[in-house]
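To keep things clear, I will list the structure first and then write my remarks on it.
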Amino acid sequence: MRPAADSTERFTSRAGDYAAARPGYPAAIATTLIDELKLALGAVVADIGSGTGLSCEPFLRAGLAVIGVEPNEAMRAEGDRLLAPFPRFRSVAGTAEATTLPAASVDLLIAAQAFHWFDIAPARAEALRILKRRPLAALIWNDRVSTGSAFAEGYEQLLLDFGIDYALIRHRHAHEDSVAAFFGHRGFRIASFPNPTVLDYPTLLARLNSASYVPKADHPNHAPMVARLQALFAAAARDGRVTMDYVTRVFFAALA
């Protein structure tokens, strides 16, 4: 199904919170893909829906060149600013379905937290066009752990209660039928990495506000949502911090 028409603009007003507070990605995702897919030093990675560049950084630090493909101008500008120290990074205004990149110019295509916005059939065709042979791809998710502690379960319930379309977006994350449709087979491999994050209250609030599905500050539900968050934090914090646990999952293979 085609994403909603406003999907590329959902984060325009949230770019600053996104850059400041979203979880990064373990260095092991890059080293694992380099080893498992036999990528050469200096290989070119296209990060589709690169946002503020969080998912680009592990690959840049591992010695690869990265092209961030991002349709949202505000998010792309944050990525350009944050990744300015990396000379092997550049960004382009493009989408999964129309990247603007030349044919057979990319060694690995990745998408982190962005795949559920793709129109799968044209995105797959575009991936096959821009990838060299073998057409290697990896789909990456930071999946928040939503059970096992009062804080984790309370935060999940907060999103269910106040998130505008949270349940729909959560359902679409890492849906293996969609992943298989993109790869053209079910022979993809999966790697998982723990990715805990320790947050003070301002960073926790910014992380919440960075989500596209929560009400903005001018929405009547924003204030009660923040009050709930404050109560959760007060109950769970130790030394002014809480831990939000994630598992980073990577689905990788050559496209058929």
Side-chain angles (χ1 to χ4, degrees), residues 2-25 29-30 33 43-62 64-103 105-131 136-142 169 172-174 178 182 206-207 209-214 216 248 250-252:
R2 182 78 185 169
D6 68 345
S7 62
T8 63
E9 298 301 323
R10 289 175 68 107
F11 294 97
T12 296
S13 63
R14 305 179 193 263
D17 284 331
Y18 200 109
R22 280 294 181 104
Y25 294 86
I29 65 171
L33 290 172
V44 177
V45 177
D47 186 341
I48 310 300
S50 56
T52 63
L54 289 170
S55 51
C56 301
E57 190 166 346
F59 296 89
L60 291 165
R61 292 192 181 279
L64 305 183
V66 180
I67 305 167
V69 178
E70 172 55 46
N72 185 284
E73 184 177 356
M75 297 283 278
R76 194 170 62 253
E78 283 287 340
D80 289 343
R81 181 180 67 83
L82 293 170
L83 297 176
F86 295 96
R88 305 203 72 182
F89 173 77
R90 67 182 178 93
S91 70
V92 298
T95 66
E97 301 81 15
T99 64
T100 79
L101 301 181
S105 62
V106 172
D107 297 290
L108 172 67
L109 181 149
I110 68 169
Q113 308 297 126
F115 177 70
H116 58 283
W117 301 119
F118 292 7
D119 191 348
I120 293 175
R124 170 179 159 80
E126 178 71 346
L128 287 167
R129 186 187 70 80
I130 67 173
L131 282 165
L136 301 172
L139 305 176
I140 304 164
W141 279 272
N142 268 332
I169 292 172
R172 293 171 63 189
H173 272 209
S178 298
F182 181 75
R207 181 166 296 182
N209 283 329
S210 75
S212 67
Y213 43 75
V214 303
K216 296 181 181 180
T248 304
V250 184
F251 299 70
F252 62 100

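Counting heavy atoms from C-beta on, the side chains of Trp117 and Pro71 never come closer than 4.5 Å. The shortest side-chain heavy-atom distance between Phe118 and Arg124 does not fall under the 4.5 Å cut-off. You'll find the side chain of Tyr25 reaches within 4.5 Å of the side chain of Leu54, heavy atoms only. The side-chain heavy atoms of Glu57 and Leu82, taken from C-beta on, include no pair separated by under 4.5 Å. Looking at Phe59 and Leu108, their side chains come closer than 4.5 Å, going by heavy atoms from C-beta outward. With contacts defined as side-chain heavy-atom distances shorter than 4.5 Å, the pair Thr248/Ile140 qualifies. Side-chain contact between Val44 and Ser105: absent, with no pair of heavy atoms (C-beta onward) separated by less than 4.5 Å.
When the ring pair (Phe, Tyr, Trp, His ring centres under 6.0 Å) test is applied to Phe182, the partners found at least two apart in sequence or on another chain are Phe115. The side-chain hydrogen bond (donor to acceptor under 3.5 Å, both in side chains) test applied to Arg88 returns no partner, not counting sequence neighbours.
In terms of heavy atoms, Glu70 sits closest to Asn72 at OE2-N, 2.9 Å. Taking all atoms of both residues into account, the shortest heavy-atom contact from Ala138 to Val250 is CB-CG1, 4.1 Å. Residue Leu109 comes nearest to Leu131 through the heavy atom pair N-CD2, 3.6 Å, listed as atom of the first residue, atom of the second, then distance. Nearest heavy-atom pair, Cys56 versus Phe89, reported as atom, atom and distance to 0.1 Å: SG-CE1, 3.8 Å. For the residue pair Ala46 and Leu101, the shortest heavy atom distance occurs at CB-CD1, 3.9 Å. Taking all atoms of both residues into account, the shortest heavy-atom contact from Ser55 to Ser50 is OG-O, 4.3 Å.
We find the CG-CZ distance between Asn209 and Arg207 to be 12.5 Å, quoted to the nearest 0.5 Å. Distance check, rounded to the nearest 0.5 Å: CE of Met75 to OG of Ser91 gives 12.5 Å. A distance of 8.5 Å separates CD in Glu126 from OG1 in Thr100, rounded to the nearest 0.5 Å. Atom CG of residue Leu33 and atom CG of residue Leu64 lie 9.5 Å apart, to the nearest 0.5 angstrom. Here the CD-CG distance, from Glu97 to Asp119, works out to 5.5 Å after rounding to the nearest 0.5 Å. Separating the CG atom in Leu139 from the CZ atom in Phe252 is a distance of 11.5 Å, to the nearest 0.5 Å.
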- Item | Steps toward salt bridge (Lys or Arg N to Asp or Glu O under 4.0 Å) verdict (Arg76, Glu73) | CA-CA 5 Å; Arg76 194 170 62 253; Glu73 184 177 356; 5.2 Å; no
